Amino acid sequence: MGRGLSRRRERDVSGSRIAPVVERGPRAPRDRDLPRPVPSAGADLSALDDAKMIAAPDDPRDWDEWRRQLHRWREDGRARLGYRGAAYSRPELAWTQRCFSVCLAWLWDEQLYDARSGAFRPREFLAANAHLGGFDAVILWHTYPDLGTDERDQFDVARAIRALPALTRAFRDLDVRVLLEYLPWDVRTDRDHGKELARLVRELGLDGVFLDTLREAPTGFTEHLSDRGVALEAESNIPLARIADHAMSWAQWQADSAVPGVQRAKWFEPRHMVHQTRRWDTDRTPQLRAAWLNGGGMVVWENVFGSLVPWTARDAATWTQMLRIQRAFAGHFTAGTWTPLADGVDASAPEIFASRFELDGSRLWTIAASGKGSVRGDALLTAARDTDRWFELMTGTELEPRVRSGKALVALPAMDTPFAAVLALPDASVDAPLRALLRHRATFASRHAAPAVRATRVAAPGALVARAPRGMIELVGGERSLTVRYRLRETGMYDGAPFLDLWKPLPPLLHRVEEERITASPAPFAVGETEVTNAEFARFMEASGYAPADRDGLLVHWDGTHPRPGTETEPVTRVSLDDARAYARWAGARLPTELEWQIAAAHPRFGYGRPRVWNWTESEHTDGRTRFVILKGGSDAPPGGSEWYADSGPREPEYSFKYLRVSAAVERSAFIGFRCAVSLADT
């Protein structure tokens with residue numbers, strides 16, 4: 001723990017001890033994130049209705065009463081709401097109850113999208129992530145953090161990606177369900193979002209919709225979506241009344257008690273799929289523990305809007321084996337009888353906690369050690385049954401419990417993991433699928449952090465000339481100390497991942513403007529006084545016959561092959577970074593780097609065309625998963641009404657905007673242009 005930080009422990013009236021909290025403002029769990037204690041006997045149990053996690057008492061002697069109160073609350077809540085859960089019996093939504101692993105996938109992740117061919121590669125994407133156990137569903141994310149660089153909204157961008165319907169079909173052919181994100185804060189158009197989203201679902205053949213930032217779908221969405229067999233997944237703590245029409249939700253930013261509690265939505269409706277996630281955690285042990293003990297799933301999210309937060313080999317191996325067990329016994333978690341904090345051994349100071357799920361004469365215990373310790377030794381003391389055989393499923397080991405006075409004492413083999421699973425079932429029920437599962441024995445890698453990932457700059461083309469061409473500003477080389485400013489978003493800047501192992505970054509930490517000093521040592525160079533114009537680009541198109549493989553969106557604001565009358569001197573837009581590079585090569589030039597652009601902007605001849613547009617720069621980087629480039633100059637794009645939109649408005653030369661590279665059709669924005677540069681021979 002760093003210097004100057006203090007710890008506190010919170011204790012409620014029922015004796016539940018809340019996990020330690022670090023006092024550091026937005027970096028610590030908020031009050032709303034803390035587990036909710038069960039009210040004392042006789043109190044109003046509706047206080048649990050909006051809990052995230054329901055805390056468990058420290059003392060095992062209180063667990064029986066705690067479980068009775070949990071059952072009372074569930075029965076009371078269902079009665080108050082008139083809850084029937086009819087939607088969970090619909091065949092078209094049955095897949096959600098087996099959807100344990102959902103991947104939030106940046107659509108332009110280099111594992112999924114091949115920029116050279118402009119093709120999506122779902123099969124290769126799944127193969128690259130096989131070490132994570134395979135995905136039951138993917139959430140395709142195609143907009144933020146670039147949304148807002150022009151007037152297009154989320155629906156326009158989705159329709160600009162012509163390959164999306166084929167990508168959805170390809171994933172479904174590979175037995176992976178597909179959801180798309182919905183952004184309620186994208187309000188720069190006055191469209192009816194419910195109707196537009198329903199149209200998009202039909203056009204793309206989607207299985208579901210992820211509701212970004214929302215606890216529940218807006219009024220009217222149900223009739224457009226869930227009533228038609230489309231699964232809705234809320235991002236956060238779903239209201240009790242909406243569990244009826246939302247098949248899935250995220251357990252995000254949810255702290256647990258020291259003795260593991262229960263996830264409120266999952267306890268209320270075991271068929272509701274809850275996916276654990278905290279996007280900035282490099283150690284996913286707490287999330288895995290919550291999913292394991294609650295019979296829920298996980299969000300697999302490594303590419304966080306361009307910031308890599310990779311899984312460790314240990315967490316990946318653990319989750320892979322957990323998934324095998326969850327998929328094999330999905331019915332236990334949705335239709336079985338769930339007993340939390342069941343059948344422990346050491347009642348005085350428990351170090352191992354278990355949930356028991358019973359179905360059709362078999363009993364399954366999901367077991368977790370406290371902290372990061374390993375599970376080993378005596379773990380369960382439970383009722384013995386003469387015909388049962390016992391297995392530890394993580395290692396595929398058959399067990400021989402010690403039986404006395406009708407009780408079975410179950411000892412676990414030595415395991416270098418905080419998790420175990422014990423299955424007891426009649427000998428006659430040991431079948432071929434179970435034998436196949438037992439052959440998958442997990443090997444847990446050493447506990448270590450994932451390696452740091454750094455972005456590298458893509459080699460820039462050269463364009464060396466003796467003298468600066470007309471219309472360019474000549475600048476001397478030499479070392480300079482520059483101030484660079486940027487908005488601290490989830491993308492970070494050059495190296496990304498700015499919030500690792502923080503709880504939930506909030507303003508003023510998130511979205512504030514950061515400042516860095518950077519040393520630059522350019523050789524002599526020259527930069528265009530202003531952006532390339534429509535007329536200049538038209539001459540290039542005619543002279544070169546430029547015809548990119550992907551022409552979608554290219555110069556769509558022109559009249560055919562010519563700019564509209566009166567716009568000839570305006571900066572050319574609707575061109576991708578690669579289109580701009582092609583023009584520069586034809587002109588015997590290149591694009592300026594972001595630092596060259598900034599140095600040149602201090603010159604009195606440096607100007608801006610109208611309308612003002614962001615400028616592409618030769619600053620492409622990749623970390624192997626995300627390509628990005630730095631935009632300079634600001635734009636006259638209409639201002640957005642949300643902090644999540646990309647920046648607009650004029651920007652000082654020091655300001656840099658990190659733009660994540662996407663397909664050419666999406667990059668071709670109405671408010672991104674470019675200017676050229678050359679390197680000068682040092683005479």
Side-chain angles (χ1 to χ4, degrees), residues 63 67 71 94 97-101 133 136 260 262 266-267 270-271 273 288-289 291-297 318-345 352-369 375-415 417-442:
W63 291 355
R67 284 188 289 261
H71 282 281
Q97 298 172 37
R98 302 179 61 87
C99 184
F100 292 101
S101 180
D136 300 309
V262 297
K266 186 69 173 173
W267 177 258
R271 294 173 294 179
M273 180 55 70
L288 292 168
R289 180 181 295 112
W292 193 228
L293 294 176
N294 286 272
T318 299
W319 178 230
T320 295
Q321 190 68 348
M322 282 182 172
L323 273 174
R324 291 190 181 108
I325 297 165
Q326 288 181 319
R327 289 164 177 161
F329 296 94
H332 284 67
F333 303 117
T334 57
T337 301
W338 174 15
T339 305
L341 297 179
D343 306 320
V345 174
I352 295 176
F353 308 101
S355 283
R356 185 178 70 237
F357 301 90
E358 301 175 73
L359 183 68
D360 297 334
S362 67
R363 294 174 289 171
L364 175 66
W365 289 265
T366 56
I367 301 170
V375 290
R376 61 187 65 229
D378 293 341
L380 299 175
L381 183 63
T382 188
R385 297 175 182 173
D386 292 341
T387 61
D388 277 354
R389 289 177 66 182
W390 296 76
F391 302 92
E392 198 293 304
L393 301 179
M394 296 288 279
T395 58
T397 306
E398 185 159 7
L399 306 175
E400 293 291 341
R402 301 192 298 275
V403 179
R404 291 182 183 176
S405 304
K407 292 285 188 178
L409 180 63
V410 183
L412 298 175
M415 300 169 62
T417 172
F419 304 104
V422 170
L423 175 68
L425 75 171
D427 179 62
S429 299
V430 178
D431 55 12
L434 176 58
R435 294 189 187 97
L437 176 65
L438 294 171
R439 287 194 290 271
H440 286 284
R441 302 190 177 194

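Each residue takes its place number in the sequence, starting with 1. Please read these numbers as outputs of a predicted model, since none were measured by experiment. What you see below is based on every heavy atom in this structure, not just the backbone, and it leaves out hydrogens, waters and symmetry mates.
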If you apply the rule side-chain contact (heavy atoms from CB on, under 4.5 Å), what do you find for Ser101 with Met322, and how did you get there?
CA-CA 10 Å; Ser101 180; Met322 282 182 172; over 6 Å; no

Output, in order, the C-alpha distance, side-chain angles, deciding distance and verdict of side-chain contact (heavy atoms from CB on, under 4.5 Å) for Ile325 and Trp292.
CA-CA 10 Å; Ile325 297 165; Trp292 193 228; 3.9 Å; yes

Where do Pro413 and Leu399 come nearest, in terms of heavy atoms and distance?
CD-CD2, 3.9 Å

Yes or no on side-chain contact (heavy atoms from CB on, under 4.5 Å) for Thr417 and Gln321, after CA distance, side-chain angles and deciding distance?
CA-CA 11 Å; Thr417 172; Gln321 190 68 348; over 6 Å; no

Rounded at 0.5 Å granularity, tell me how far CD1 in Ile352 sits from CZ in Arg376.
9.5 Å

Excluding sequence neighbours, so at least two apart, what forms side-chain contact (heavy atoms from CB on, under 4.5 Å) with Asp360?
none

Can you list, pair by pair, the side-chain donor-acceptor contacts under 3.5 Å of residues 419-437, counting residues two or more places apart and other chains?
residue	atom	partner	partner atom	Å
Asp427	OD1	Arg389	NH1	3.0
Asp431	OD1	Leu434	N	3.1
Arg435	NH2	Val430	O	3.3

Please report the shortest heavy-atom distance between Gly344 and Leu381, naming the atom on each side.
O-CB, 4.0 Å

Answer yes or no: is there a donor N or O on one side and an acceptor on the other, between the side chain of Gln97 and the main chain of Met273, under 3.5 Å?
no

Can you name the one residue among Trp338, Trp390, Phe391 that meets ring pair (Phe, Tyr, Trp, His ring centres under 6.0 Å) with Trp365?
Trp390

Find the distance between CG (Leu438) and OG1 (Thr395) and round it off to the nearest 0.5 Å.
9.0 Å

What class does the angle between the rings of Phe357 and Phe333 fall in, given that below 30° is parallel, 30 to 60° is tilted and above 60° is perpendicular?
perpendicular

Smallest heavy-atom separation, Thr366 atom then Leu293 atom, equals O-CD2, 3.3 Å

Return the CD to CG distance between Gln326 and Asp136, rounded to the nearest 0.5 Å.
9.0 Å

Glu400 backbone acceptor or donor facing Glu398 side chain under 3.5 Å
no

Taking the ring of His71 and the ring of Trp267, is the distance between their centroids below 6.0 Å?
yes

Could you check whether His440 and Thr320, counting side-chain N and O atoms only, form a donor-acceptor pair closer than 3.5 Å?
no

Within the 4.5 Å heavy-atom criterion, are Thr337 and Leu359 side-chain neighbours or not?
no

Measure the spacing between CE of Met394 and CZ of Arg324 and express it to the nearest 0.5 Å.
10.0 Å

Check Pro260 against Leu341 and note the closest heavy-atom contact, atom names and distance.
O-CD2, 3.8 Å

Check: Arg98 main-chain N/O paired with Arg327 side-chain donor or acceptor under 3.5 Å:
no

Over all atoms of both residues, closest heavy-atom pair of Ala368 and Val375
C-CG1, 4.1 Å

Smallest separation among heavy atoms of Thr339 and Glu358, with atom names
OG1-OE2, 4.5 Å

Under a 3.5 Å distance rule, please check whether Arg289 uses its side chain to pair with a backbone N or O of Ala369 as donor and acceptor.
yes

Could you check whether any side-chain heavy atom of Leu380 comes within less than 4.5 Å of a side-chain heavy atom of Ile367, counting everything from C-beta outward?
yes

